[in-house]
Number of protein chains: 2
Amino acid sequence: MNIGQAAAASGVSSKMIRYYESIGLIPKTVRTESGYRVYSDHDVHTLRFVRRARDLGFSVEQIADLVSLWQDRERASKDVKAIALEHVGLLERKIRELQEMASTLKHLADHCCGDSRPHCPILEELASHDPLPVHAKADARFGALGKA
Amino acid sequence: MNIGQAAAASGVSSKMIRYYESIGLIPKTVRTESGYRVYSDHDVHTLRFVRRARDLGFSVEQIADLVSLWQDRERASKDVKAIALEHVGLLERKIRELQEMASTLKHLADHCCGDSRPHCPILEELASHDPLPVHAKADARFGALGKA
DNA sequence: GTAATCCTTCCAATCATGGGAAGGTCAAGC
DNA sequence: GCTTGACCTTCCCATGATTGGAAGGATTAC
């Protein structure tokens with residue numbers, strides 16, 4: 001199987017497959033004489049594992065750990081669980097952060113008439129010197145909220 | 001006021017102030033003879049506005065729009081509200097996405113004994129061929145969940 | 001006068017991903 | 001057997017917001 005077929009079968013793009021190989025997340029594949037990468041069903045299975053882990057928001061580093069635990073028959077399930085729970089913690093912190101932003105912003109928007117007049121509580125709040133009301137303060141930036 | 005003092009007064013780092021200037025989010029400042037940037041209280045006010053908008057998760061692009069609306073006395077509040085509500089929409093989509101990941105993962109972790117034995121439903125699920133249960137599927141990657 | 005602390009610009013790294021160029025390979029059809 | 005198109009290869013660049021650091025000049029305090 002060529003990389004394109006492996007990509008289609010696993011849901012991981014060719015680009016990402018090469019990238020994952022380059023950073024050592026997945027092993028280097030066999031090549032044909034002319035240099036084409038060749039993938040087995042087993043490789044596709046691994047790629048699908050990686051993709052699912054990405055779908056759950058795990059970082060590449062965590063995925064590397066998960067993959068190696070997956071392939072270790074002597075693993076302790078607590079090691080897997082620890083990674084999962086740590087990630088749940090991160091997700092929940094992030095969720096709380098975004099919820100605070102959203103609720104602050106919704107509150108402000110609720111008080112903005114949204115007509116053609118210039119008066120706007122949203123801008124007033126942003127321009128104010130007082131601390132942002134109640135919660136809404138990101139402790140950590142997040143690099144791009146995504147494309148959505 | 002030098003950039004360091006403006007940074008301390010506004011909560012925006014010197015690095016970011018220079019960056020914001022370089023991309024045109026804030027105007028170029030006056031310089032001293034020797035090239036030091038000089039900031040007025042008014043500049044600090046603008047920087048604080050920017051910082052608050054960042055704290056609410058607005059992108060730099062949106063902040064540019066907000067700043068220009070802020071400085072436009074003829075603005076229509078509906079233009080501000082539109083930006084705010086669009087951002088709320090993004091936040092809420094993101095929140096839902098993360099919640100789906102978290103709940104899927106918590107569910108899996110709940111079923112993992114977390115002891116020294118190798119059996120682990122989390123890995124089993126990741127390795128499975130079936131679609132991820134119910135929800136948990138990120139439609140858009142997010143570039144780093146942050147440092148938290 | 002010197003040391004410490006600022007400032008300047010420029011370059012690099014982060015993280016996961018996509019885009020594209022330049023060039024080689026393969027399969028199908030003629 | 002040759003052309004065409006679809007694949008593959010590697011390499012570099014861009015994203016977004018932010019931080020880090022190096023090299024060198026300015027200012028300030030003692």
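By convention in this document, chain letters (A, B, ...) are assigned in the order of the sequence lines, proteins followed by strands, and residues within each chain are numbered from 1.
A donor-acceptor pair is defined here as one N or O able to donate and one able to accept, closer than 3.5 Å; no such pair exists between the side chain of A:S10 and the backbone of A:R48. Checked by atom type and distance alone, the side chain of A:T104 pairs as donor or acceptor with a backbone atom of A:E100 at under 3.5 Å. At least one donor-acceptor pair under 3.5 Å links the side chain of B:S77 to the backbone N or O of A:D115. Within the 3.5 Å criterion, the main-chain N or O of B:L56 finds a donor-acceptor partner in the side chain of B:H87. No side-chain donor-acceptor contact under 3.5 Å links A:N2 to the backbone of A:G4.
Between A:E21 and A:R18 there is no salt bridge, since none of the side-chain N atoms of the basic residue sits less than 4.0 Å from a carboxylate O of the acidic one. Salt-bridge annotation for A:D55 and A:R51: present, with a side-chain N of the basic residue lying under 4.0 Å from a carboxylate O of the acidic one.
To the nearest angstrom, C1' of C:dT8 lies 14 Å from NZ of B:K28. Straight-line distance from the CD1 atom of A:I3 to the P atom of D:dC7: 13 Å, rounded to whole Å. In this structure, OH of A:Y39 is placed 14 Å from C1' of D:dC7, rounded to the nearest angstrom. Atom P of nucleotide D:dC8 and atom CE of A:M1 are separated by 12 Å, given to the nearest angstrom. In this structure, B:Y19 atom OH and C:dC10 atom C1' are separated by 16 Å, rounded to whole Å. Computed from coordinates, the A:L25 CG to C:dT17 C1' distance equals 14 Å when rounded to whole Å. Counting to the nearest Å, the P atom of C:dT17 and the CG atom of A:L47 are 12 Å from each other. Atom CZ in A:R51 sits about 14 Å away from atom C1' in C:dT17, given to the nearest Å.
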Between the protein and nucleotides 24-26 of chain D, which nitrogen or oxygen pairs are less than 3.5 angstrom apart?
unit_1	atom_1	unit_2	atom_2	d
D:dG25	N2	B:Y36	OH	2.8
D:dA26	O4'	B:Y36	OH	3.2
D:dA26	O3'	B:S34	OG	3.0

At a cut-off of 3.5 Å, list every protein nitrogen or oxygen paired with a nitrogen or oxygen from nucleotides 28-30 of chain D, distance to 0.1 Å.
none

Give me the distances for all protein-to-nucleotides 2-4 of chain D N/O pairs that come in under 3.5 Å?
none

Just the table, please: protein N/O against nucleotides 19-23 of chain C N/O, every pair under 3.5 Å.
unit_1	atom_1	unit_2	atom_2	d
C:dG19	N7	A:K15	NZ	3.1
C:dG19	O6	A:K15	NZ	2.7
C:dG20	O6	A:K15	NZ	2.3

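Of the candidate nucleotides D:dT19, C:dC7, C:dA16, D:dT19 has the atom lying nearest to any side-chain atom of B:M16.
Pairs passing the ring pair (Phe, Tyr, Trp, His ring centres under 6.0 Å) check and including a residue from residues 1-26 of chain A, sequence neighbours excluded, do not occur.
Between A:R54 and the phosphate of C:dT17, there is a side-chain N or O to OP1/OP2 separation shorter than 4.0 Å. For the pair B:R18 and C:dC10, the criterion of a side-chain N or O lying under 4.0 Å from OP1 or OP2 is not met. For the OP1/OP2 pair of C:dA16 and a distance below 4.0 Å, the side-chain nitrogens and oxygens of A:Y20 include no atom meeting the criterion. For A:R37, a side-chain nitrogen or oxygen approaches OP1 or OP2 of D:dT10 to under 4.0 Å.
The ring-ring contact (aromatic ring centres under 6.0 Å, His included) check on A:H42 picks up nothing, with sequence neighbours excluded.
B:M101 and B:I95 fall within the same hydrophobic cluster, defined by Ile, Leu, Val, Met, Phe, Trp and Tyr side-chain heavy atoms under 4.5 Å apart, directly or through other members.
In this structure, B:W70 and B:H45 have perpendicular ring planes: the angle between them is above 60°, well past the 30° mark.
Nearer to the 5' terminus of DNA chain D, by closest-nucleotide assignment, is the contact made by A:E21 (compared with the other of A:E21 and B:S13). When the nearest nucleotides of DNA chain C are assigned to A:I23 and A:E33 by heavy-atom distance, the more 5′-ward of the two goes with A:I23.
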Original post:
Between A:S40 and A:D43, is a side chain to side chain donor-acceptor pair (under 3.5 Å) present by the stated rule, with each step listed?
Top reply: CA-CA 5 Å; A:S40 66; A:D43 293 329; 3.2 Å; yes

**OP:** Please test B:I83 against B:L69 for side-chain contact (heavy atoms from CB on, under 4.5 Å), starting from the C-alpha separation and ending with a verdict.
**Re:** CA-CA 11 Å; B:I83 295 175; B:L69 285 168; 3.8 Å; yes

**OP:** Could you walk me through whether A:R75 and B:L123 pass side-chain contact (heavy atoms from CB on, under 4.5 Å), step by step?
**Re:** CA-CA 11 Å; A:R75 70 184 164 245; B:L123 292 179; 3.4 Å; yes

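Residue contacts shown for B:S59 are limited to sugar-phosphate atoms, with no base heavy atom under 4.0 Å away.
Around the CG atom of A:D41, the shell of radius 6.0 Å holds no more than 12 heavy atoms that belong to other residues, nucleotides or ligands.
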